[in-house]
Chemist: 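What follows is a structure written as structure tokens; I'll ask about it next.
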Amino acid sequence: MTDIPETLVRRMPFPASASRAVGTPIQPSVVYASDDPDMLDAQYGGGVTGYTYAREGHPNADSLARRIDALEGAEGGLVVGSGMAAVTAALMGVLSAGDHVIGGDQLYGRSLRLMTLDLSRFGILTSLADPTDAAAIEAAIRPETKMILLEVVSNPTLRVADMPGILALAKARGILVAVDNTFTTPRGYRPFDHGADIVIHSVTKMLAGHSDATLGYVAARDAGLRKAIYDFAVTTGLTASPFDCWLAERGLYSFHLRYDRAEENAAALADHLAGLPGVRRVLYPTRADHPDHNRAVAILGSRGGHMVSFEVAGGRAAANALTRAMPDLAFAPTLGDIGTTLSHPASSSHRAVAAEARERIGITEGFFRISVGVEDIGLLCRDFGAGVAAAARAASE
Ligand SMILES: *Cc1c(COP(=O)(O)O)cnc(C)c1O
């Protein structure tokens, strides 16, 4: 008899409320109880909507996915446990042994690794080509090419892909185009509006925006592809945590405000950096001195985004002096946080790339990438002024 209260603890219902919660509730339940086998049958058959087991789907993932769908003009997108889970599901859920996929040659580091080292172990053939040149992508096409994976703006040199050219040639040949839209965000570019087939996000970055949740999103225009991607993700367990989804949804409500402010700051900071002595070059897509300026304006309009890259003179000593002179900014290999973060590709994302190959694409020891946040722009300009001055002193020693 003494165990009755303990048993009741598990059986007691959640408090009822005639009014509804304004904030999204968190639903961490792993399993869902149905009334009887007929109902469970109907759930699996799609006759009634209902959750069964959290790996197969849960309300917080769906709540977040429907909101990102709305931003991207997508239908039935899937939230998964990381941006890389989304990239993996888009490639491995769709491609089979013998298929060929072309990737942009400046994709996110782990996406490049997946393309160059992992897919080949499963018999999927891959090539990399320069997405700023549609002719280079076209030259990489083979009879078995099934997909092209692109980022609109590359990391960290902020080159702009020839989206219209590549989308047109892919459409003419029946090749799928998957776009990792993490950098551009749906505020800068909406791939589905331009004919892309698959959209991918690292929700970890700007969409969630607070460096406290690791998540991804993948959506396909075609229902058959959506089902293939969903089945692969559920089978391989790429499931997102309800708590992370809840945090990301909270972040998403202010995404447009954060993005617009960060972008305004980024454009102003790029101009400020370009005027500082000791800065060799600044990369920002909509600046007139950007190598892809005309294409950036054609594709992105005035939306240059929240990322800026720049280069100072001097080697590692100058780079060390720069980050040490800006202790209030996180020197951290990420992006999309509400606060400004600074990364040094030569020692992080591109450390595995040989120095000559790195320098060929402009990633020297003095090269930095900034993910601009929403801070006061005057304060940011002062911070970077101090960092660049410290680097210049170190370079002249
Ligand atoms: C960060 C990032 C990823 C990977 O996302 P995770 O959430 O870290 O797994 C993929 N693509 C791009 C462009 C990214 O910036």
Side-chain angles (χ1 to χ4, degrees), residues 61 64-65 68 72 77-92 101 103-116 118-119 128 131 148-161 163 177-189 191 196 198-219 229 233 236-241 243-245 247-249 251-252 255 259 262 266 285 300 305-309 330 332-337 341-345 348-350 363 369-373:
L64 176 61
I68 302 175
E72 282 290 5
L78 183 69
V79 163
V80 289
S82 69
M84 280 316 300
V87 175
T88 302
L91 292 170
M92 299 193 71
V101 52
D105 59 2
Q106 289 194 36
L107 290 173
Y108 180 73
R110 286 278 162 186
S111 299
L112 276 182
R113 194 203 128 100
L114 179 69
M115 293 279 299
T116 54
D118 297 307
L119 292 183
L128 300 177
I148 300 171
L149 172 66
L150 299 169
E151 293 171 21
V152 183
V153 174
S154 75
N155 175 29
T157 55
L158 312 184
R159 297 299 306 264
V160 180
M163 298 305 296
V177 175
V179 179
D180 178 338
N181 206 31
T182 302
F183 265 44
T184 343
T185 85
R187 228 134 154 88
Y189 186 79
I198 295 174
V199 171
I200 296 164
H201 275 283
S202 170
V203 178
T204 314
K205 311 290 171 49
M206 199 65 180
L207 295 181
H210 295 73
S211 299
D212 53 11
T214 301
L215 288 173
Y217 166 89
V218 52
I229 290 169
T236 53
L238 305 182
T239 313
S241 141
F243 186 64
D244 280 356
C245 294
L247 274 174
E249 183 178 319
L252 193 71
F255 152 67
Y259 189 76
L300 304 170
H306 65 296
M307 306 296 293
V308 179
S309 293
T334 188
L335 62 117
D337 189 85
T341 58
L342 185 65
S343 76
H344 182 245
S348 56
S349 56
H350 290 66
I363 303 176
R369 186 196 75 186
I370 315 164
S371 169
V372 182

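Quick caveat, the model's predicted, so the values are computed rather than measured. Whatever order the structure lists them in is the order used to number ligands and atoms, beginning at 1.
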Chemist: Suppose we screen for ring-ring contact (aromatic ring centres under 6.0 Å, His included). Which residues come up paired with Phe183, at least two apart in sequence or across chains?
Modeler: none

Chemist: Applying salt bridge (Lys or Arg N to Asp or Glu O under 4.0 Å), name anything that partners Arg110, two or more places apart in sequence or on another chain.
Modeler: none

Chemist: Could you check whether Glu72 and Asn181, counting side-chain N and O atoms only, form a donor-acceptor pair closer than 3.5 Å?
Modeler: yes

Chemist: With sequence neighbours excluded, what pairs up with Asp212 under the salt bridge (Lys or Arg N to Asp or Glu O under 4.0 Å) test?
Modeler: none

Chemist: Tabulate distances under 3.5 Å between N/O atoms of ligand 1 and N/O atoms of the protein, writing both atom names on each line.
Modeler:
from: ligand 1; atom 1: 5 (O); to: Ser202; atom 2: OG; distance (Å): 2.9
from: ligand 1; atom 1: 7 (O); to: Gly83; atom 2: N; distance (Å): 2.8
from: ligand 1; atom 1: 7 (O); to: Ser202; atom 2: OG; distance (Å): 2.9
from: ligand 1; atom 1: 7 (O); to: Thr204; atom 2: OG1; distance (Å): 2.6
from: ligand 1; atom 1: 9 (O); to: Gly83; atom 2: N; distance (Å): 3.0
from: ligand 1; atom 1: 9 (O); to: Met84; atom 2: N; distance (Å): 2.9
from: ligand 1; atom 1: 11 (N); to: Asp180; atom 2: OD2; distance (Å): 2.6
from: ligand 1; atom 1: 15 (O); to: Lys205; atom 2: NZ; distance (Å): 2.8

Chemist: Identify the residue among Asp180, Val179, Thr185 that makes a side chain to side chain contact (heavy atoms under 4.5 Å, CB included) with Thr182.
Modeler: Asp180

Chemist: Which word best sums up how the rings of His201 and Tyr217 line up, parallel for under 30°, tilted for 30 to 60°, or perpendicular for over 60°?
Modeler: tilted

